[in-house]
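As structure tokens, the structure follows; a few thoughts come after it.
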Amino acid sequence: MERVAALLEALGRAGRPLAVRELSAQVRLPRPTVYRLMQTLAACGLVAAAEGGHVLGPRILSLAAQRLEQIELRTAGHSRLRALRDQTGETVHLAVLEQGQVVYIDKVESSGPLRMASAVGKIMPAHSTALGKAMLAFMPPAVARHVLRDHGLPRRTANTITDPARFFEELAGIQARGFAIDNIENEEGIRCVAAPIFDHRAQVAGAVSLSGAASSITLDRARRELGPLVRRAALDISRALGWTEARVSEEARVP
């Protein structure tokens, strides 16, 4: 891994294509080794051939763009997360969907005694969390199908939805009302409400959620009070990202 990192860093610093002999000299590795590593990296899309040698590949550029989008999302969302926490007294999360799973990128803890097990960088299932369901409901149906194929619908609590047909019915309901509810489906005693965030292309960029004890976030409170509040916060963050139209892509339709 250190050798791969050294090669990628050398290409990134150069600002121009580098030949194998130049890379060999810069990273102090034999040319046959560099050649072999570059072939592997090219097959993965991490480097690409160019006139005069090699450059960073399209996959590196895509990953960098995704990371920049996450940074922009967190910057745009943090103050709104704090305001939502102050308004409701509940813990607020910001997350994205990566490889079919929810990744927390920001968290504002409740001032109350309850402490959530979540943490920035933690990965959670998409099917059992309000954050995951909120994002999947507004993505093309193929995304949800891929999540089910790759990760299944494992039971985490007695309330976890484990039937695919029922799961897609759930996504359709979320799309209709604009927010998702994790009705004690991911963690015992915890209920969550989440809504999707859209970017300037009207595509899902992430989601924001409120989480707390089921005794505090009752189903009635989630549906009547917290759902609309989270939805408004998500749309505020969406506007900060350049989203201007009150619609989503026509592709994002649950079958």
Side-chain angles (χ1 to χ4, degrees), residues 62 65-66 68-70 72-74 76-77 80-81 84 92-106 118 123-153 160-161 163-183 185-186 191-211 222-224 226-255:
S62 175
Q66 290 177 28
L68 289 173
E69 287 177 359
Q70 290 182 12
E72 182 182 6
L73 175 60
R74 185 171 180 177
R80 194 65 188 87
L81 265 59
L84 192 58
V92 185
H93 296 98
L94 187 66
V96 295
L97 196 69
E98 291 286 352
Q99 297 182 353
Q101 295 180 296
V102 171
V103 181
Y104 295 109
I105 63 171
D106 203 357
S118 57
I123 299 172
M124 297 297 290
H127 76 286
S128 57
T129 56
L131 286 161
K133 292 192 294 181
M135 288 186 277
L136 289 176
F138 288 87
M139 288 179 166
V143 177
R145 289 195 291 268
H146 288 156
V147 169
L148 267 62
R149 181 197 65 196
D150 295 342
H151 302 284
L153 295 170
T160 305
I161 298 173
D163 176 67
R166 187 182 165 207
F167 184 72
F168 278 103
E169 289 177 3
E170 174 82 354
L171 296 188
I174 292 166
Q175 195 176 92
R177 65 176 175 264
F179 59 87
I181 297 174
D182 156 15
N183 185 27
E185 298 166 45
N186 191 65
R191 190 174 278 122
C192 306
V193 186
I197 296 167
F198 303 102
D199 62 17
H200 65 282
R201 300 163 296 182
Q203 295 179 358
V204 174
V208 60
S209 75
L210 280 172
S211 302
R223 291 167 176 159
R224 293 177 180 271
L226 300 182
L229 286 177
V230 173
R231 177 64 173 155
R232 283 198 290 273
L235 291 181
D236 285 346
I237 299 171
S238 299
R239 293 186 183 96
L241 295 176
W243 179 85
T244 57
E245 299 181 37
R247 62 175 178 80
V248 296
S249 169
E250 287 299 319
E251 294 180 342
R253 292 292 178 265
V254 178

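All values below were derived from every heavy atom in this structure, side-chain atoms included, with hydrogens, water molecules and symmetry-related copies excluded.
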Full working for side chain to side chain contact (heavy atoms under 4.5 Å, CB included) between Leu148 and Leu153: CA-CA 6 Å; Leu148 267 62; Leu153 295 170; 4.0 Å; yes
What's the shortest heavy-atom distance between [X] and [Y], and which atoms?
X      : Y      : result
Gly206 : Leu73  : CA-CD2, 4.2 Å
Pro196 : Gly178 : CD-O, 3.7 Å
Phe179 : Ala222 : CE1-O, 3.9 Å
Val230 : Leu84  : CG2-CD2, 4.3 Å
Ile174 : Ala180 : CD1-CB, 3.6 Å
Leu97  : Ala126 : CD1-CB, 4.0 Å

From CG (Leu226) to CZ (Arg231), nearest 0.5 Å: 15.5 Å
Distance, nearest 0.5 Å, that separates CG of Asp182 from CG of Leu210: 12.5 Å
Stepwise side chain to side chain contact (heavy atoms under 4.5 Å, CB included) test for Trp243 and Ile237: CA-CA 9 Å; Trp243 179 85; Ile237 299 171; over 6 Å; no
Between [X] and [Y], is there a donor-acceptor pair closer than 3.5 Å when you use the side chain of the first and the backbone of the second?
X      : Y      : result
Glu185 : Ser128 : no
Ser238 : Phe198 : yes
His151 : Gln99  : yes
Arg74  : Ile105 : yes

Could you check whether any side-chain heavy atom of [X] comes within less than 4.5 Å of a side-chain heavy atom of [Y], counting everything from C-beta outward?
X      : Y      : answer
Leu131 : Cys192 : no
Val147 : His127 : no
Val92  : Val208 : yes
Val143 : Val204 : no
Asp236 : Arg239 : yes

Ring geometry between His93 and Tyr104 (parallel below 30°, tilted from 30 to 60°, perpendicular above 60°): tilted
Val102/Met135 under side chain to side chain contact (heavy atoms under 4.5 Å, CB included): CA gap, chis, key distance, verdict: CA-CA 9 Å; Val102 171; Met135 288 186 277; 4.2 Å; yes
Test log, rule side chain to side chain contact (heavy atoms under 4.5 Å, CB included), inputs Arg191 and Asn183: CA-CA 5 Å; Arg191 190 174 278 122; Asn183 185 27; 2.9 Å; yes
Over 12 foreign heavy atoms within 6.0 Å of CZ, Arg166: no
